[in-house]
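The chains referred to below are lettered A, B, ... by the order of the sequence lines, with proteins before strands, and numbering in each begins at 1. Note that these values count all heavy atoms, side chains included, but never hydrogens, waters or copies made by symmetry.
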Number of protein chains: 2
Amino acid sequence: MQKVVTLQKPVSVFACAAVGGREEARGPLGAGLDFSDESDRFGQNTWELAESELSHTALTLALARANLSHADLSYLFAGDLQNQCVASSHAHLEEEIPFFGIYGACSTCTEGLTLASLVLTAAEDDSVAAVVTTSHNSAAERQFRTPIEYGGQRPPTAQWTATAGGAFLLRREKGADRVPRVTRVMAGIMRDGGISDPFNMGAAMAPAAADSIKSFLSLVGETPGDYDAIVTGDLGDEGSELLKILLKREGCNIDRQHLDCGKLLYDLKNKDCHAGGSGCGCSAATLALQFLPGLTDGTYRKILFLSTGALMSPTSIQQGKSIIGVAPVIELCAPESGRR
Amino acid sequence: MQKVVTLQKPVSVFACAAVGGREEARGPLGAGLDFSDESDRFGQNTWELAESELSHTALTLALARANLSHADLSYLFAGDLQNQCVASSHAHLEEEIPFFGIYGACSTCTEGLTLASLVLTAAEDDSVAAVVTTSHNSAAERQFRTPIEYGGQRPPTAQWTATAGGAFLLRREKGADRVPRVTRVMAGIMRDGGISDPFNMGAAMAPAAADSIKSFLSLVGETPGDYDAIVTGDLGDEGSELLKILLKREGCNIDRQHLDCGKLLYDLKNKDCHAGGSGCGCSAATLALQFLPGLTDGTYRKILFLSTGALMSPTSIQQGKSIIGVAPVIELCAPESGRR
C-alpha cells in the first residue's frame with residue numbers, strides 16, 4: 001500500500017554543492033558548478049577513483065558553504081553506479097560519518113533525500129544528514145557497456161552518463177530557515193515496461209515515473225497545476241515524450257510543468273549526448289544547480305522532484321531480463337510557501 | 001557525530017522467514033528453514049535468477065506466516081551482493097511494493113532493519129515494512145572470485161557465501177504484541193583495517209564491528225553484561241577472534257556474550273566452509289532461525305545485533321584499495337523486557 005508521508009516538520013535542505021567534469025562545465029548550468037575538472041580525472045589515476053574524489057569534493061564543498069565539518073554530520077546516505085557502490089564507500093571512508101549505502105540506480109538522489117528526511121524526522125533532534133550521489137561517464141561506460149576507447153556507435157535513444165555529483169545537507173527546520181524544504185516524500189513502486197535495450201533507459205524508466213507522478217498527485221489530492229514544476233531525473237528526450245503520453249492516457253497533462261534534468265544539464269543541440277544526460281549525478285547536480293536556487297530566489301514555489309532509476313546490470317541484460325524503472329518522489333517547497 | 005536513536009515506540013518484528021540451499025539445510029540450524037532447495041537452483045536456469053527466486057520466496061513465506069499479502073506492505077528494503085543489486089529488484093518487481101534498494105554488503109540485513117525501524121517511526125502510522133536480504137554462493141563466487149567449476153583453492157581465512165535469505169516484517173508496536181522488538185538503532189561508521197585480501201573478509205570487518213560495539217555501549221551507557229548476546233553478522237573464526245582482541249584492548253570483554261552468525265549457520269568442524277559463512281543472507285537467515293525465536297521463547301531478553309559488511313568490488317581490489325568494514329547496530333528485546 002503506497003503512502004505519501006507528510007513530514008511532521010519540514011526538513012530543510014540548507015546547503016548543497018554540485019561538481020562536474022568537462023562536458024558538464026560546458027553545459028547550460030556549468031557556470032554554477034562549485035567545482036569542475038576539465039580532465040575528468042579529479043587528480044586520480046583511474047576513472048573509478050576519480051568518481052570517489054568527485055563525491056568527496058561535493059560533500060566537502062557543501063559543508064564549507066554551511067561552515068560545518070564532517071564531524072557535524074550524523075548520517076550520510078550515499079550511492080553511485082559502480083559495482084558494489086565502491087565509489088561512495090571509498091569517497092567517504094576517512095570522513096568517519098555514520099553511513100547508509102543506498103542503490104536506486106539514477107534514482108539514488110531522490111531515494112537518499114527521502115530516507116534522510118524520514119530518518120531525521122524519526123530522530124526528532126537537531127542532527128544533520130548528508131546525501132551525496134555521483135556518476136562518472138568513463139567509469140560507467142566501461143562497466144556497463146564498452147570502454148570509451150572502443151568508440152562504439154550509440155543509437156539516438158542512448159543517454160550520456162554524467163560525470164557529476166551533488167551533495168545536500170539536511171536538518172529538521174528550525175524557526176525560520178530561509179532555505180528550500182522537503183515537505184512530503186513517497187517511495188516508488190518498481191515498474192517494467194518490457195524494455196531490455198540498455199541504450200534506451202528513458203523508455204525503461206518512463207512507466208515508473210508516470211506511475212509515481214499519478215500516485216503522488218492522487219494520494220495528496222492535487223493536480224499538476226498545483227506545482228510550478230514536475231521534475232524527472234533523467235528520462236531524456238525519448239523518455240520524457242513517453243512519460244507525457246503515458247500520463248495523458250490517464251487524463252493527466254504535465255506539459256506545462258514537466259522538466260527533465262537529463263535535458264537541462266547539457267546543450268542537447270550542440271553536444272553529442274544523444275537523448276540527454278543520465279546517472280546518479282545527473283539529477284543530483286541539476287537539483288543543486290537549478291532547482292534549489294530556483295526555490296530560494298522565488299522562481300519556483302513548490303515542485304515535485306523525482307529522480308528516475310533503471311535497475312539492471314550487464315548480467316541481468318545478458319540473462320534476458322528487462323530493465324526495471326523506479327522513481328521515488330519528494331515535494332520541495334520554497335522557504336515561505338508549502339504546508340506546515 | 002554518531003548517535004543511537006531510541007525509538008519513540010518500539011518496532012515489532014512480527015513475522016520472519018528463512019530460506020536456504022543445500023549446505024544451509026545440512027547445517028545446525030537447517031531444520032528450522034521455512035524452505036530449502038537441495039539443488040540451490042530454486043527452479044531457475046541461472047544462479048543469479050535462483051537468488052531472486054530465493055528472495056521472493058522468503059518474503060512470500062514471511063507474509064504467509066502473518067496472514068498478509070504483498071499489497072499490505074508500504075515499504076520494502078531489500079539488498080544483495082549482485083552487481084547493481086539486481087537479485088532484489090527482479091525478485092520483488094511483480095509484488096508492487098514501494099521499494100528502497102540498499103547496499104551494505106553483508107551488513108545489509110541490519111542496515112535494512114535500522115532504516116525500516118526509522119521510517120516506520122517517522123510515518124507514525126500502522127504501516128508494515130519488509131526487509132529482505134539474500135546471497136547465493138554460486139552467484140557470488142563467479143562474480144567476486146572465480147566460477148565454482150574452476151575449483152580454485154581457498155585459504156583457511158576464506159568464508160563461504162551463504163545461499164540463504166531472510167525476510168522480516170515490521171510495524172510499530174501495537175498494545176501488547178508478543179513478538180521481539182527493535183528498541184534502539186545506530187548507523188555504523190566505515191573502518192579500514194588495511195586488509196586487501198578478499199579471502200580474509202573477517203579481518204577486514206572486525207575493526208568496524210569493534211568500533212560499533214564500543215560506540216553503542218558508550219552512547220547508551222551500558223556494558224556487555226547488560227546483554228544476553230552480542231551477535232555479529234559474519235566475522236567467522238578469524239574475524240571473531242580479532243574482534244575480541246580489539247575490544248579487550250579497549251577494556252571491553254564480550255567473551256561471554258559474543259556469537260557470530262557465520263559460525264552458527266554451518267557445522268564448521270564437518271563442513272568445508274573454512275572460516276565460516278558470509279553474505280547478506282547469512283546474518284539474515286541466522287536472525288530468523290536462532291535469534292528471533294530465542295527472543296520469543298525467553299532464551300534471550302535483550303541482544304545487540306550487528307551484521308558486518310565488507311565494502312569492496314573486484315575492481316576496487318584490483319586498483320589497490322583495501323576492504324572497508326561497516327556495522328550498523330540494532331538492539332532487539334524480548335516481548336516483555338526492554339525500554340518503553
Side-chain angles (χ1 to χ4, degrees), chain A residues 1-3 5 7-8 45-46 48-49 71-75 79 81-86 89-90 92-94 96-105 111 114-115 117-125 127 143 186-192 309 311-316 319 321 324 326 328, chain B residues 1-3 5 7-8 45-46 48-49 71-75 79 81-86 89-90 92-94 96-105 111 114-115 117-125 127 143 186-192 309 311-316 319 321 324 326 328:
Chain A
M1 197 186 317
Q2 196 168 28
K3 290 181 178 175
V5 179
L7 301 176
Q8 189 196 75
N45 289 331
T46 70
E48 289 75 16
L49 299 181
D72 295 314
L73 297 174
S74 291
Y75 308 99
L81 296 175
Q82 287 186 32
N83 293 341
Q84 286 71 55
C85 307
V86 289
S89 44
H90 285 291
H92 303 287
L93 167 64
E94 290 173 14
E96 303 199 344
I97 309 166
F99 179 73
F100 290 113
I102 52 176
Y103 186 76
E111 179 184 354
T114 298
L115 287 172
S117 298
L118 292 169
V119 165
L120 291 171
T121 299
E124 288 193 277
D125 59 17
S127 295
Q143 177 181 282
M186 187 188 84
I189 291 180
M190 294 185 280
R191 298 292 173 191
D192 179 9
L311 304 172
M312 51 76 74
S313 77
T315 304
S316 73
Q319 294 186 354
K321 305 299 281 185
I324 298 170
V326 70
Chain B
M1 198 186 314
Q2 196 169 27
K3 290 181 179 175
V5 179
L7 301 176
Q8 190 195 72
N45 289 331
T46 69
E48 289 75 15
L49 299 181
D72 295 314
L73 298 174
S74 291
Y75 308 99
L81 296 175
Q82 287 185 31
N83 292 342
Q84 286 70 57
C85 307
V86 288
S89 44
H90 285 290
H92 303 287
L93 168 64
E94 289 172 15
E96 303 199 345
I97 310 166
F99 179 73
F100 290 113
I102 52 176
Y103 185 76
E111 179 184 354
T114 297
L115 287 172
S117 299
L118 291 169
V119 166
L120 291 171
T121 298
E124 288 194 276
D125 59 15
S127 295
Q143 178 180 283
M186 186 189 84
I189 291 179
M190 294 185 280
R191 297 293 173 191
D192 179 9
L311 304 172
M312 50 77 73
S313 77
T315 304
S316 73
Q319 294 187 355
K321 305 299 281 186
I324 299 170
V326 69

Donor-acceptor pair, side chain of B:Glu48 and main chain of A:Gln319, under 3.5 angstrom: no

Tell me, for A:Ser316 versus chain B, whether the close heavy atoms (under 4.5 Å) come from the side chain, the backbone, both or neither. side chain

Chain A heavy atoms under 4.5 Å from B:Ile102: which part of the residue, side chain, backbone, both or neither? both

So what's closer than 4.5 Å to chain B heavy atoms on A:Phe99: side chain, backbone, both or neither? both

Side chain, backbone, both or neither: which part of B:Asn45 has a non-hydrogen atom closer than 4.5 Å to chain A? neither

Under 4.5 Å from any heavy atom of chain A - which part of B:Ala71: backbone

Under 4.5 Å, counting heavy-atom pairs only, tell me which of B:Gln82, B:Gln2, B:Met312 racks up the most with chain A. B:Met312

Is chain A contacted by the side chain of B:Thr315, its backbone, both, or neither, given a heavy-atom distance below 4.5 Å? side chain

Could you check which of A:Ser127, A:Pro328, A:Ala123 has the highest count of heavy-atom pairs closer than 4.5 Å to chain B? A:Ser127

Can you tell which part of B:Leu93 gets under 4.5 Å to a heavy atom of chain A, answering side chain, backbone, both or neither? both

Please flag which part of B:Ser74 lies under 4.5 Å from any non-hydrogen atom of chain A: side chain, backbone, both or neither. both

Let me know if B:Phe100 has heavy atoms under 4.5 Å from chain A in its side chain, its backbone, both or neither. both

Tell me, side chain or backbone of A:Glu94 under 4.5 Å from chain B's heavy atoms, or both, or neither? neither

Interface residue of largest heavy-atom contact number with chain A, from B:Leu311, B:Leu120, B:Thr114, B:Leu115, under 4.5 Å: B:Leu115

Give the minimum heavy-atom separation between A:Tyr103 and B:Gln84, together with the two atoms involved. OH-CG, 3.0 Å

With rounding to the nearest 0.5 Å, note down the distance linking NZ in A:Lys321 to OG in B:Ser89. 10.0 Å

Find the one option among B:Asp72, B:Val326, B:Asn83, B:Val5 whose heavy-atom pairs under 4.5 Å with chain A are most numerous. B:Asn83

Taking side chain as everything from C-beta outward and backbone as N, CA, C, O, which of these in B:Met1 sits under 4.5 Å from a heavy atom of chain A? Side chain, backbone, both or neither. both

Based on non-hydrogen pairs under 4.5 Å, which of A:Leu73, A:Thr46, A:Thr121, A:Ile324 is most in contact with chain B? A:Ile324

Do you know which of A:Glu124, A:His92, A:Arg191 has the most heavy-atom pairs under 4.5 Å to chain B? A:Arg191

What residue, out of B:Cys85, B:Gly101, B:Ala105, B:Ser117, has the most heavy-atom pairs lying under 4.5 Å from chain A? B:Gly101

Taking the side chain as everything from C-beta on, heavy atoms only, tell me whether B:Pro98 gets closer than 4.5 Å to A:Lys3. no

Looking only at B:Gly188, B:Gly79, B:Gly309, the option with the highest number of non-hydrogen pairs under 4.5 Å against chain A is B:Gly188

